[in-house]
Amino acid sequence: MSTPAQRARQLRDEIVRHNEAYFVHDTPLIPDADYDALVRELRSLEESHPELRSETSVTQTVGAPRSVVFSEVRHAEPMLSLDNVFDEEELRAWCDRVAKGLGRDARDISFAVEPKIDGLALSITYINGTMAQGSTRGDGRVGEDVTDNVRTIRNLPTTLSGVRDGRLDIRGEVFITKEDFHELNERQRQVEGKEFANPRNAAAGSLRQKDSSVSASRPLSFLAYQLVDLDSTLAFESHMATIEQLRAWGFVTASEIALVRGVDEVVARSTWFEEHRHELAYEVDGVVVKVDDLALREVLGSTSRAPRWAIARKFPPEERTTRLLAIEVSIGRTGRATPYAVLEPVLVAGSTVSLATLHNQDQVAQKDVRPGDLVIVRKAGEVIPEIVGSVSEPGRQREAAWQFPTTCPECGGPLVRVGDESDTYCVNPACPAQQLQQILHFASRGALDIEGLGEQRVAQLIGAGLIADVADLFLLSAAQLSTLEGFGELSASALIQAIEDAKSAPLSRVLVGLGIRHVGPVAARELASRFSSFEALAEASLDALEAVDGIGEVIATSVFRYCRDPETVDLVRRLRAAGLELRETKPTLEVPQTLAGRAVVVTGAIEGYSREEAEAAIVARGGTSPGSVSKKTYCVVVGDAPGASKVTKARDLGIPMIAGSAFVEFLASGTWTTTVE
Ligand code: IVH
């Protein structure tokens, strides 16, 4: 057991090490949640042992040492950090403290609640209305001069209209949208053979480049959240008024900022953000609650580290560390062998995780995770939990590197890797694991939606020799089922009825259910609405397939080959003989088809619509909403914090861009009156 003094020293050393890794090298060693836990432990030690307190302790300072690459910039007004709270109770306690500090009832205080963007803080100085300098936060007093790199950020105004004199510092967050991050990482993987751990690291690494042409090639965006009026040339009374001014100058600000009153509304809006966090264009790790009235802020003041008028409410972490117990391999419907991690159960983003994907052989090797390691697990929204990497534990003896198996754990057949693909496959078509997954996929909600066909049932039917593929489902009889364990007369006839109903399912759902490589629900819908029947699809030339909106060479080739595969021909013959219609019936047109045949790309957040809703609204009007801009694109709807690469591509190709705020009008008319630059 260590003494409190020893433990405090140990914690400080560790925190300093993590600060350097995070702030200087842009490569954190542990998840933020683990870091926060270290800081909290140190803070509570210092609170219970006053003799351990010191002004230079990492609990009292901001950020970290600067790198030597950039010259120093002394901030005219310090760039403070924020104190954190981690749950509703702590948030309520903070609101009450503010009210007490102001000698008011919390119900009479207005708070702005905004997303806490997970990027890095930047201060941009405008002198006499012209951009003059950009600097990172550094230790809060002195930051790094990154002006040349800041000039490459595309969504920044270089001049502030109407400002003739005085100095203004515009502060905000540099970030990379989730959309841009995926494209950037794809490129990084191909060109550099390595990826960024998350959008924040990518943004930090991209902004802090020695060579500004590298920054320029990265899709950096800026979101403004603070205006520091150093010469008091503008007289603002509230935070919201400064946000309006920032918007008027052309800065992107968080469109979801809400002005609320009292503790309950603060909590409600914070919960709203937590529930909608994955719909935002950028990653957020919490919300920031700020007193709106600037005069009240003066009354509250700041500590050396953080203002008393603002607080960060952190969301439950989406990354945690835990012990990797074993690596196993599962076989999917295409025979793909996916390695996955068996973990010591851990609470991530509100649910317990004990399995996480490791994607493929190369990922295991690249991440070098081995049984016994302490690993970082990530679970974001609906996405399957995955292993990010392992945490180094100096002094611990690791096991030997894990070897990918050479035979299928389910059927014993060989596992093979084809060409330069990173995936490994079980190539035995009779592999029961593959059959099971194919049938489950066919019956799943996104495909034919056959109720009552869960994993256990399908396994039972395969085991009894009644089915081996999806066509066999339609030959089952209630009499056959009722001989099986667990089936009564009612459940047998209910399942037969559900299978019967599936025969008239639209072609698009059957295409999804067949599991053609690269064909997801969007492509299936587009193909089915263009060709109407499987016959017509099977006869289509490669050119005809590629001419469909949203269908590129990869999907077209996959569909073309699939339709000509003798196994497909036989399967489709049997499905048709069993009574499947394999046709797409046109939906009844209740909504005017203002976008018939047009490809409309959506980027950024549109007020009042989640991304899915915006895309569905386009599809409902006869259009399509592909994920990328091409010369076939009709127009691009540009919401808040749009993907920089989509905007650049649209500009390069001369595709019209319309504002997200004009979306409703656009849906109704299919056209626009003004475009954005
Ligand atoms: S206000 C003096 N607002 O969070 C108050 N910060 O953990 C300055 N951040 O250094 C910060 N989103 O980099 C503020 N809407 C937001 C923010 C935000 C992200 C970052 C910022 C800050 C850090 C503190």
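As a basis for the values below, the full set of heavy atoms in this structure was taken, side chains included, without hydrogen atoms, waters or symmetry mates. One-based numbering, in listed order, for ligands and for the atoms of each.
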Looking only at heavy atoms, which two atoms of T321 and V346 are closest? And how far apart? O-CG2, 3.9 Å
Examine the proximity of ligand 1 to V288 and report which part, side chain or backbone, both or neither, has a heavy atom under 4.0 Å away. side chain
Ligand 1 versus K116, non-hydrogen atoms closer than 4.0 Å: side chain, backbone, both, neither? both
Hey, can you tell me if H276 and W272 have their rings parallel, tilted or perpendicular (30° and 60° cut-offs)? parallel
Considering heavy atoms of the protein only, find what lies nearest to atom 5 (C) of ligand 1 and give residue, atom and distance to 0.1 Å. L82 CD2, 3.9 Å
Yes or no: does P115 have any heavy atom under 4.0 Å from an atom of ligand 1? yes
Starting from atom 13 (O) of ligand 1, locate the nearest protein heavy atom and write down its residue, its atom name and how far away it is, to 0.1 Å. E173 OE1, 2.6 Å
Which heavy atom of the protein is the closest neighbour of atom 12 (N) of ligand 1, given with residue, atom name and distance? I117 N, 3.1 Å
Nearest non-hydrogen protein atom, atom 6 (N) of ligand 1: Y225 CZ, 3.4 Å
Please confirm whether P307 approaches ligand 1 to less than 4.0 Å, judged on its heavy atoms. yes
Does the side chain of T253 pick up a donor-acceptor pair with the side chain of R247 at under 3.5 Å? yes
Fit a plane to each ring of H18 and Y35, take the angle between them on a 0 to 90° scale, and name the class: parallel (under 30°), tilted (30 to 60°) or perpendicular (over 60°). perpendicular
What is the nearest protein non-hydrogen atom to atom 15 (N) of ligand 1, stated with its residue, atom name and distance? E114 OE1, 2.7 Å
Given Q226, K290, R305, which one has a non-hydrogen atom that is nearest to atom 3 (N) of ligand 1? K290
Using a 4.0 Å cut-off to any heavy atom of A121, which atoms of ligand 1 qualify? 13 (O)
Just to be sure I read this right, does ligand 1 sit under 4.0 Å from the backbone of R137, its side chain, both, or neither, counting only heavy atoms? side chain
Do the side chain of K649 and the main chain of V629 share a donor and acceptor less than 3.5 angstrom apart? yes
Side-chain (R208) to main-chain (A203) donor-acceptor, under 3.5 angstrom: no
So, are E274 and R277 salt-bridged, with charged N and O less than 4.0 Å apart? no
What I want to find out is whether E46 reaches R12 closely enough, with some N-O distance under 4.0 Å, to be called a salt bridge. yes
